[in-house]
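Encoded as structure tokens, the structure appears first; notes follow it.
Position 1 is the first residue of the sequence; numbering continues from there.
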Amino acid sequence: MLRFFSCLLAIYFTRGLSITTPEQMIEKAKGETAYLPCKFTLSPEDQGPLDIEWLLSPADNQKVDQVIILYSGDKIYDDYYQDLKGRVHFTSNDLKSGDASINVTNLQLSDIGTYQCKVKKAPGVGNKKIQLTVLVKPSGTRCYVDGSEEIGNDFKLKCEPKEGSLPLRYEWQKLSDSQKLPTSWLPEMTSSIISVKNASAEYSGTYSCTVRNRVGSDQCLLRLDVVPPSNRAGTIAGAVIGTLLALMLIALIVFCCHKKRREEKYEKEVHHDIREDVPPPKSRTSTARSYIGSNHSSLGSMSPSNMEGYSKTQYNQVPSEDLERAPQSPTLPPAKVAAPNLSRMGAVPVMIPAQSKDGSIV
């Protein structure tokens, strides 16, 4: 009798609407598409209209549940949640067939949260929850040497991804030569940094570093060349000598420029003094007159007896060209020159006797 009532209860509960998809957790990489299943069965008693609703409870727990897509009255409404607009769709074209699953495309970190599928067809009601986690694949991984790759030195091999969700796992491998790693490196072969102590030439070769997490992996290559120590003293000496030569060249250029400016300044000053102090050149008329005047001045010291012959001889010596051209030249006003300037130019004071209109000495 007890078994009979148990069977009746089982039949009663299985005849109602039920969601057959179990609750689960899904992990996907950023940019991928997440398939969220939600399959259900109906019973003959479920005669009401079919309503399907998907809700999102954000991971930060600071926002209320958001309706992201809805099926009601044979219509689909998918513009409730702005962050998922255009990225959430039902996978089935016939929702009445019992498949209310959805796809969320181009996953973003903001899509992390708990998604709930609710199916209602009166009097039946059912719901299931799915936890979605979005992870970032390792990418942009860079391998490099931190330190000087010289024999006897200490340096580090580093493997750094640009992005990637934790936890991250690292794996180093040697791809060239003996492919045998130093024993001291073994404890660090699964870390992002390998510390190299007292490096030797045997460490040279090509190494790879692979970074993994639960949704993907990335790899980088590194070429290690351990070389003998360089001549640091010679390098330093060369750098010092080069610097000194450069300074000397700069000093020479500055000196030459300064000297040239001083010479140009001196030439300008001398040219200016000459224009101020030197009188204009005498004309041919003034030359002729000074010549005649000097002859007349010498007549004053001669006796009347020889004066006649001397005057004829002296006046005949006056250049005819100067006398002929003298009237043609315009009479220039005498230049006014200061007395100190005349002395500086080497001028000597001269006494010229006065003459009358007829040429006799007064």
To check you understand the geometry: which heavy-atom pair defines the closest contact between [X] and [Y], and what is its length?
X: Cys143; Y: Leu222; result: C-CD1, 3.6 Å
X: Ala100; Y: Leu95; result: CA-CD2, 4.4 Å
X: Ser148; Y: Phe155; result: O-CD2, 3.3 Å
X: Thr141; Y: Val211; result: CG2-CG2, 3.8 Å
X: Leu17; Y: Asp46; result: N-OD2, 3.2 Å
X: Pro182; Y: Tyr203; result: CG-CE2, 3.4 Å

Can you tell me how far [atom2] of [Y] sits from [atom1] of [X], rounded to the nearest 0.5 angstrom?
X: Thr33; Y: Arg87; atom1: OG1; atom2: CZ; result: 10.0 Å
X: Leu56; Y: Leu84; atom1: CG; atom2: CG; result: 6.5 Å
X: Leu157; Y: Ser195; atom1: CG; atom2: OG; result: 8.5 Å
X: Leu132; Y: Gln24; atom1: CG; atom2: CD; result: 10.5 Å
X: Ile130; Y: Cys117; atom1: CD1; atom2: SG; result: 7.5 Å
X: Lys174; Y: Tyr207; atom1: NZ; atom2: OH; result: 4.0 Å

Exam field: side chain [X] to backbone [Y], donor-acceptor pair closer than 3.5 Å:
X: Asp79; Y: Gln82; value: no
X: Trp172; Y: Ser191; value: yes
X: Ser165; Y: Val136; value: yes
X: Asp51; Y: Lys120; value: no
X: Asn103; Y: Thr91; value: no
X: Glu188; Y: Leu186; value: no
X: Asn213; Y: Arg169; value: no

Below 4.5 Å, heavy atoms only, C-beta onward: do [X] and [Y] meet side chain to side chain?
X: Leu168; Y: Pro138; answer: yes
X: Val196; Y: Trp185; answer: yes
X: Ile68; Y: Tyr115; answer: yes
X: Leu36; Y: Val104; answer: yes
X: Ser101; Y: Ser92; answer: no
X: Glu171; Y: Arg212; answer: yes
X: Lys30; Y: Leu107; answer: no
X: Ile19; Y: Val119; answer: yes

Stepwise disulfide bond (SG atoms under 2.5 Å apart) test for Cys159 and Cys209: CA-CA 6 Å; Cys159 179; Cys209 174; 2.1 Å; yes
Checking side-chain contact (heavy atoms from CB on, under 4.5 Å) for the pair Lys260/His258: CA distance, chi angles, key distance, verdict? CA-CA 5 Å; Lys260 185 176 181 181; His258 182 66; over 6 Å; no
Is it possible for you to say whether [X] and [Y] belong to one hydrophobic cluster, with membership spreading through side-chain heavy-atom contacts below 4.5 Å?
X: Tyr35; Y: Met25; answer: no
X: Tyr80; Y: Val88; answer: no
X: Val215; Y: Val134; answer: no
X: Met189; Y: Val145; answer: yes
X: Leu55; Y: Tyr77; answer: yes

Partner of Phe40 under side chain to side chain contact (heavy atoms under 4.5 Å, CB included), chosen from Asp99, Leu50, Asn127, Thr21: Leu50
If we count only N and O atoms by modelled type, under 3.5 Å, do the side chains of Thr210 and Ser217 hold a donor and an acceptor together? no
Other residues, nucleotides, ligands: >12 heavy atoms within 6.0 Å of Asn93 CG: no
Taking everything shown except Lys121 itself, do over 12 heavy atoms lie less than 6.0 Å from its NZ? yes
For a salt bridge (charged side-chain N to carboxylate O under 4.0 Å, His left out) check, start with the C-alpha distance between Asp111 and Lys28, then their side-chain angles and the critical distance, and finish with the verdict. CA-CA 11 Å; Asp111 299 338; Lys28 285 290 182 177; over 6 Å; no
Salt bridge check: are [X] and [Y] linked by an N-O gap of less than 4.0 Å?
X: Arg214; Y: Glu27; result: yes
X: Asp225; Y: Arg223; result: yes
X: Lys158; Y: Asp146; result: yes
X: Asp218; Y: Lys162; result: no

Worked check of side-chain contact (heavy atoms from CB on, under 4.5 Å) between Leu224 and Val226: CA-CA 6 Å; Leu224 178 63; Val226 182; 4.1 Å; yes
Would you call the rings of Phe90 and Tyr71 parallel, tilted or perpendicular, where under 30° means parallel and over 60° means perpendicular? perpendicular
Please enumerate all residues that pass side chain to side chain contact (heavy atoms under 4.5 Å, CB included) together with Thr114, with sequence neighbours excluded. Ser57, Lys129, Gln131
Return the set of residues passing side chain to side chain donor-acceptor pair (under 3.5 Å) with Glu163 (not counting sequence neighbours), or none when no residue passes. Ser139
